[in-house]
Number of protein chains: 2
Amino acid sequence: MAVGQVESHPRFSAHQGHPWVAVDVVIYTVDRRVLQCLLVQVKGGPFGGGWAFPGGLVGAEESVDQAAEREVGERTGVKGAYLEQLYTFGKPERDPATRVVSVSYLALVPYRAVRLKLASKYADIRWFAADRLPHLAYDHDQVGRLALKRLRSKLQYTNIVYNLLPSEFTLGELQEVYETILHRSLDRRNFRKKILALGLLKQLRKKRRGTHRPAWLYAFMKRRPMIIEMV
Amino acid sequence: MAVGQVESHPRFSAHQGHPWVAVDVVIYTVDRRVLQCLLVQVKGGPFGGGWAFPGGLVGAEESVDQAAEREVGERTGVKGAYLEQLYTFGKPERDPATRVVSVSYLALVPYRAVRLKLASKYADIRWFAADRLPHLAYDHDQVGRLALKRLRSKLQYTNIVYNLLPSEFTLGELQEVYETILHRSLDRRNFRKKILALGLLKQLRKKRRGTHRPAWLYAFMKRRPMIIEMV
DNA sequence: CCAAAAGTGTTGGTCTTACACCCATGC
DNA sequence: GCATGGGTGTAAGACCAACACTTTTGG
């Protein structure tokens, strides 16, 4: 991209120079009653060996959202995951190697659908319990705190939880995901009352048979983000 | 900034190319019971003659936040205004002249402190009623909708309104600002009850003498952002 | 028959909303 | 004395949190 393009831009003068643009994605999933979060191990540079959220530069032809979606797809194999922009971090010193402005995203993927894939730029990739992350490279500790806060708060007034569940589930399983993420226990009767009152779930005609009394299976009527009030 | 720097970056490969980074700032104020919003008239290019929010490229040495603060200072003369990041817009086609990723901000300034200053890059600058903006250049219609939504919602659970008021004010004036921004009338008794119960205001030892019964003056005890519950 | 998870209503307290009259001043 | 904005309390309804027992199945 030529500098001349910006010098002729009607709103901008080019004297300032400019940073690079990257995305970083905090990818959550729930597996066996634990909220997990995907980290990659940085290979070289001042943070080599440290852990960070996966991310990469935004390409010339793609939108910033697309770059985030691409990163989720490349690392987890999941297409069309739930993605939400968190915040843009732009301090010059946040990455000592280069001036990088980073747009952070929150992503939710169902655990069963994930097939982790390492990129050559990383030394390792794996899930960590979201509330016990190691110290992270760059300013990613801050990104992680923000993501967790946003996830917890958004759980309460949206239906995004459907992104973490299989298409059929029992109310007990649904409640378990809420409890896992919010990190506190909820009253079963109140939970069922409230979530059923929202009218977002439909009861299926089958039950899940386990080791004990079978439970009705439910599904979300619509699998798309909606603003509601929960918990 | 040399490409070689990024090719040697531990996390990124340089094949992608990269966009420019800019900020756009939605600057609100309240004047005579109207929520006003600052627009500039674009000079050349495909949007020449159109109106947009003031903004500019992020400099190599400054953070993105600083670029926004600088823009507010340059246009209004107000230093240290309330600033909050809104969202980052990053579609390649959003600005036809150049690939620009734009970080949008919401700013609040007290009307009395403002001295508007035109930049050579703009044809004009002036206040518009926030709920009657003209069609804007770029994707700024979207930015404006988002800013207004955020302002209204944040009014309800923070104390940011202090950024729009002089240091001393009556409860009537405070309520008027709320009503102006929320665009609906509030019950006076309930409003006073609630806002006083928050304990954020102190009653001063003086009254404002107007054309009728004098009203007690109040001030915010702390002029810094806090999370609360209002309205 | 025992263990384990599923299922189900009511009550008290808190919070929110709606609403009407008197007061102090300037003109 | 009248017009104008300032100042104040209560009652009804909505909402939320707390709480215990019975049912159904597998082993």
Side-chain angles (χ1 to χ4, degrees), chain A residues 30 32-34 152-153 155-159 161 165-166 168-219 227-231, chain B residues 30 32-34 152-153 155-158 161 165-166 168-180 182-219 227-231:
Chain A
V30 170
R32 275 169 290 175
R33 309 200 182 197
V34 182
R152 287 191 173 137
S153 116
L155 205 58
Q156 327 242 341
Y157 64 95
T158 73
N159 64 347
V161 69
L165 285 162
E168 301 183 349
F169 50 87
T170 65
L171 291 185
E173 289 160 354
L174 179 60
Q175 183 177 346
E176 199 176 88
V177 173
Y178 269 88
E179 290 178 335
T180 292
I181 296 176
L182 296 178
H183 221 251
R184 62 190 167 94
S185 56
L186 303 172
D187 180 89
R188 192 162 70 245
R189 282 164 293 191
N190 292 339
F191 180 82
R192 297 165 76 93
K193 236 180 303 174
K194 235 184 256 184
I195 202 132
L196 290 176
L198 294 174
L200 299 172
L201 299 181
K202 54 170 181 265
Q203 194 182 64
L204 305 178
R205 305 191 168 278
K206 26 187 178 169
K207 297 188 174 189
R208 163 147 315 158
R209 310 187 67 84
T211 63
H212 299 293
R213 175 174 176 177
W216 283 104
L217 285 170
Y218 288 80
I227 303 292
I228 55 168
E229 284 292 336
M230 257 307 301
V231 182
Chain B
V30 170
R32 275 170 290 176
R33 309 200 182 198
V34 181
R152 287 190 173 139
S153 118
L155 206 57
Q156 328 241 341
Y157 64 96
T158 73
V161 68
L165 284 162
E168 301 183 350
F169 49 89
T170 66
L171 291 185
E173 289 161 354
L174 179 60
Q175 182 176 347
E176 199 175 88
V177 173
Y178 270 88
E179 290 178 336
T180 293
L182 296 178
H183 222 250
R184 61 190 167 96
S185 56
L186 305 172
D187 180 89
R188 191 163 73 244
R189 283 165 292 193
N190 292 339
F191 180 83
R192 299 166 74 93
K193 237 179 302 174
K194 235 185 254 184
I195 201 132
L196 290 175
L198 294 174
L200 299 172
L201 299 180
K202 53 171 181 265
Q203 195 184 63
L204 305 178
R205 305 189 166 282
K206 27 187 178 168
K207 298 188 173 187
R208 165 148 312 160
R209 309 187 67 83
T211 62
H212 300 294
R213 175 174 176 177
W216 284 104
L217 286 170
Y218 287 80
I227 305 292
I228 55 167
E229 283 293 335
M230 256 311 299
V231 182

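So you know, we letter chains A, B, ... as the sequences are listed, proteins then strands, and number each from 1.
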Tell me: [atom1] of [X] to [atom2] of [N], nearest whole Å?
X        : N      : atom1 : atom2 : value
B:Glu173 : D:dG5  : CD    : P     : 13 Å
A:Ile195 : C:dT8  : CD1   : C1'   : 17 Å
A:Tyr218 : C:dA6  : OH    : C1'   : 10 Å
B:Gln175 : D:dT8  : CD    : P     : 14 Å
A:Arg208 : D:dG26 : CZ    : P     : 15 Å
B:Arg192 : C:dT17 : CZ    : P     : 18 Å
B:Glu176 : D:dG6  : CD    : P     : 9 Å
A:Gln203 : C:dG7  : CD    : C1'   : 11 Å

Please find the pair of heavy atoms, one from A:Gln175 and one from A:Leu186, that lie closest to each other, and give the distance.
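Closest approach of A:Gln175 to A:Leu186, heavy atoms only: NE2-O, 2.9 Å.
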
Could you pull out all residues at least two apart from B:Arg213 that satisfy salt bridge (charged side-chain N to carboxylate O under 4.0 Å, His left out)?
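Checked B:Arg213 against salt bridge (charged side-chain N to carboxylate O under 4.0 Å, His left out); zero matches.
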
B:Arg33 with B:Glu179: basic N within carboxylate O range, under 4.0 Å:
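No, no charged N to carboxylate O under 4.0 Å.
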
Any salt bridge between A:Arg208 and A:Glu168, counting N to O under 4.0 Å?
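Looking at A:Glu168 together with A:Arg208, the answer is no, because their closest N to O distance does not fall below 4.0 Å.
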
Footprint string (nucleotides 19-27 of chain C, 5' to 3'): B base within contact, S backbone only, - free, heavy atoms under 4.0 Å
BB--BBBS-

Tell me if the aromatic rings of A:Phe169 and A:Tyr218 count as close, with their centers under 6.0 Å from one another.
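No: the rings miss the under 6.0 Å criterion.
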
Name of the residue among B:Lys206, B:Lys202, B:Arg205 meeting side chain to side chain contact (heavy atoms under 4.5 Å, CB included) with B:Leu217
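It is B:Lys206; the other options fail the test.
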
